[in-house]
Amino acid sequence: MRILSSDLKDHIGETVHVEGWLHKKRLLGGLTFINIRDRRGLVQVVIKDKAEVEKLRGLQIGTVVTIDGKAIEEPRAPGGAELHDAVVTVLVPVSEEPSIEIDKPLSHRPDNLDTLFEYRAVGLRNLQETAIFKVQSAITKAAREYFYSQEFTEIRTPKLLAAATEGGAEVFKIDYFGREATLAQSPQFYKQIMVGVFERVFEIAPVYRAEPSATTRHMTEYISIDGEMGFISIKDLNEFLSGLLNFVSDYIWEHNEADLKSLRATKPVLAKAIPEISMEEIHKLYTEANGESTIGEKDLRPDEERWICEYASKNLGSEAVFVTDWPASDMKFYHKAQADKPELADRVDLLFRGVEIATGSMRENNYEVVLKQLKEMAGGNPDDEGFKPLLTAMQSGMPTHGGFGMGLERLTQKFIGLNNVKEATLFPRDINRLAP
RNA sequence: GGGCUCGUAGUGAAGUGGUCUAUCACGCCUCCCUGUCACGGAGGAGAUCGCCGGUUCAAAUCCGGUCGGGCCCGCCA
């Protein structure tokens with residue numbers, strides 16, 4: 001029966017069977033140490049029999065082996081236990097040396113990212129890389145748990161669409177049996193429609209954006225954590241996002257502390273209720289502090305986003321901050337303007353450690369108003385098959401509702417402290433990269 | 001789309017006109033080594049310095065083009 005690396009200490013004195021990948025060889029003459037990697041981590045094997053060592057001659061890291069040996073308690077071994085009197089069986093020999101190292105940390109310098117991604121198939125076996133994606137897996141799990149705890153229903157919506165509808169970002173056009181189709185930029189309309197069904201829904205799925213952006217925070221395909229809920233106000237939305245971010249942070253630091261520490265991540269300081277600052281106020285503060293005026297601008301500059309996060313960290317006790325009161329002139333047709341201040345949109349952006357990780361807003365739920373906004377703000381045709389389902393839902397009874405989209409990779413990047421969002425992506429897609 | 005910047009063994013780096021027949025580290029190969037865990041030691045193989053053209057007695061190094069990256073801005077998650 002196979003024993004996993006982390007269970008070795010429970011089998012001291014027994015002869016056990018281990019299966020995994022050769023991860024490291026250290027030959028000291030009469031004594032050889034090898035590390036075997038399995039899904040839990042590494043197990044150290046000590047081999048004295050030269051004939052057993054010879055079985056591994058010429059074989060590279062990655063070779064798939066089984067080891068039968070005696071589990072020994074040994075304080076000098078990592079984890080306090082190791083295997084002795086090992087019998088090695090090579091299951092899959094590997095003679096090609098890896099193009100990129102997998103037993104030492106890989107370079108994440110911006111100039112070297114291309115190499116990092118080029119050799120992803122083997123480079124991801126590097127335990128430092130693995131740690132990033134174990135954390136990401138935990139983030140996804142935590143987010144999902146939080147949604148369920150708040151009575152959300154998980155949904156799946158199509159990514160192949162008839163037409164570009166949402167507006168804003170560029171869309172990918174593809175050939176669909178001779179017709180033109182597009183790839184979804186977001187599940188926006190579908191999740192709103194589903195509020196009429198389930199009241200609270202979420203989806204964690206890829207979205208596609210054909211923007212020719214070449215920055216450390218953009219990709220053409222990324223995972224969007226989308227939530228949408230009915231019978232709420234913008235305050236409820238902020239409260240939910242505060243709860244979500246705090247829950248995820250606490251969860252990963254409880255369950256993945258070793259991974260996070262190995263990546264030199266620090267646990268973020270987050271206010272239970274993440275502080276809110278209006279865009280106007282941020283412009284004012286930034287202008288006062290930096291002498292460069294951004295007053296009146298309809299968006300935050302990237303540098304402003306970084307600065308306000310520093311500010312919030314120092315003065316408001318939170319490394320995340322909400323940006324509220326966005327100008328209505330820039331809002332999308334399905335957004336809702338503030339009831340008492342129609343020049344402002346009921347929208348909020350969540351900034352975390354210098355970047356925007358989520359955008360949320362209240363949606364216009366009045367059919368007549370949505371219809372008007374669609375025509376006037378988006379120049380859209382209500383009879384377009386892309387708009388019809390949403391409008392039908394509006395006609396069929398939609399409560400006040402709102403929701404958000406959050407970038408999983410950006411969230412991962414910021415929790416860990418990676419420089420580029422692509423480092424938090426197994427196989428990143430950007431304007432230049434379509435493989436591996 | 002605009003601006004800036006980089007390209008040297010499998011990987012990461014040094015070298016900014018001549019002694020470069022290109023240096024170092026990791027990895028790889030051979031040998032030594034009984035407590036390694038970024039093991040240590042001795043030796044070895046591996047690079048037409050992204051590509052094309054130009055300047056020069058002489059180019060990895062200077063210039064032009066080209067291809068491929070990266071960073072910032074716009075836009076966004």
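Only a predicted model underlies this, so the values are computations on that prediction, with no experimental measurement involved.
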Participant: Just how far, in rounded Å, is C1' of B/C29 from CZ of A/Arg57?
Facilitator: 10 Å
Participant: Could you tell me whether A/Lys267 atom NZ has more than 12 heavy atoms of other residues or ligands within 6.0 Å of it?
Facilitator: yes
Participant: Starting at CD of A/Glu129 and ending at P of B/U11, how long is that distance when rounded to a whole Å?
Facilitator: 16 Å
Participant: Please report the distance separating the C1' of B/C26 from the corresponding atom of B/G70, rounded so that it comes out in whole Å.
Facilitator: 23 Å
Participant: Taking donor-acceptor contacts at under 3.5 Å, does the side chain of A/Thr215 reach the base of B/C72?
Facilitator: no
Participant: Do the side chain of A/Arg410 and the base of B/C76 come within less than 3.5 angstrom through a donor-acceptor pair of N or O atoms?
Facilitator: yes
Participant: Without decimals, in angstroms, what is the distance between A/Asp299 CG and B/C76 C1'?
Facilitator: 9 Å
Participant: If we call it a pair only when both distances are under 3.5 Å in a Watson-Crick or G-U wobble match, what pairs with B/A42?
Facilitator: B/U30
Participant: Rounded off to whole Å, could you give me the CG-to-C1' distance for the A/Leu350 and B/A77 pair?
Facilitator: 11 Å
Participant: Whole-Å distance between B/C26 P and A/Lys25 NZ?
Facilitator: 17 Å
Participant: Of A/Gly407 and A/Ala214, whose closest RNA chain B nucleotide lies nearer the 5' terminus?
Facilitator: A/Ala214
Participant: Can you see if the side chain of A/Lys48 gets near the phosphate of B/G35 - specifically, an N or O under 4.0 Å from OP1 or OP2?
Facilitator: no
Participant: Could you state the CD-C1' distance from A/Glu297 to B/G74, rounded to the nearest angstrom?
Facilitator: 12 Å
Participant: Name the residue from A/Thr425, A/Ile416, A/Asn126 that meets the side chain to side chain contact (heavy atoms under 4.5 Å, CB included) definition with A/Ile132.
Facilitator: A/Ile416
Participant: Counting only Watson-Crick or G-U wobble pairs whose two distances fall under 3.5 Å, which nucleotide matches B/G68?
Facilitator: B/C6
Participant: Stepwise, does the ring-ring contact (aromatic ring centres under 6.0 Å, His included) test hold for A/Phe240 with A/Phe147?
Facilitator: CA-CA 9 Å; A/Phe240 178 86; A/Phe147 277 118; 5.5 Å; yes
Participant: Between B/G10 and A/Glu96, counting only base atoms on the nucleotide and side-chain atoms on the residue, is there a donor-acceptor pair under 3.5 Å?
Facilitator: no
Participant: Could you check whether A/Gln60 gets within reach of a base, just the sugar-phosphate, or nothing at all, counting any heavy atom under 4.0 Å?
Facilitator: sugar-phosphate
Participant: Mapping A/Asn420 and A/Ile357 onto RNA chain B by nearest heavy atom, which one lands closer to the 5' end?
Facilitator: A/Asn420
Participant: Would you call A/Phe33 stacked on B/G35, i.e. ring centres under 5.5 Å apart with the planes less than 30° off parallel?
Facilitator: no
Participant: Take atom CE of A/Met219 and atom C1' of B/A77, then tell me their distance rounded to the nearest Å.
Facilitator: 9 Å
Participant: Does the structure show a Watson-Crick or G-U wobble partner for B/G12, both distances under 3.5 Å? Name it, or say none.
Facilitator: B/C24
Participant: Take A/Tyr146 and A/Phe152 through the ring-ring contact (aromatic ring centres under 6.0 Å, His included) test and state the conclusion after the steps.
Facilitator: CA-CA 9 Å; A/Tyr146 192 73; A/Phe152 280 67; 8.4 Å; no
Participant: Under 4.0 Å from OP1 or OP2 of B/U11: is there any side-chain N or O of A/Tyr119 that close?
Facilitator: yes
Participant: Taking the basic N atoms (NZ, or NE/NH1/NH2) and the acidic carboxylate oxygens, is any pair closer than 4.0 Å for A/Asp226 and A/Lys191?
Facilitator: yes
Participant: According to the Watson-Crick and G-U wobble definitions, with both distances under 3.5 Å, which nucleotide is paired to B/G1?
Facilitator: B/C73
Participant: Watson-Crick or G-U wobble partner for B/G18, using a 3.5 Å limit on both distances?
Facilitator: B/C57
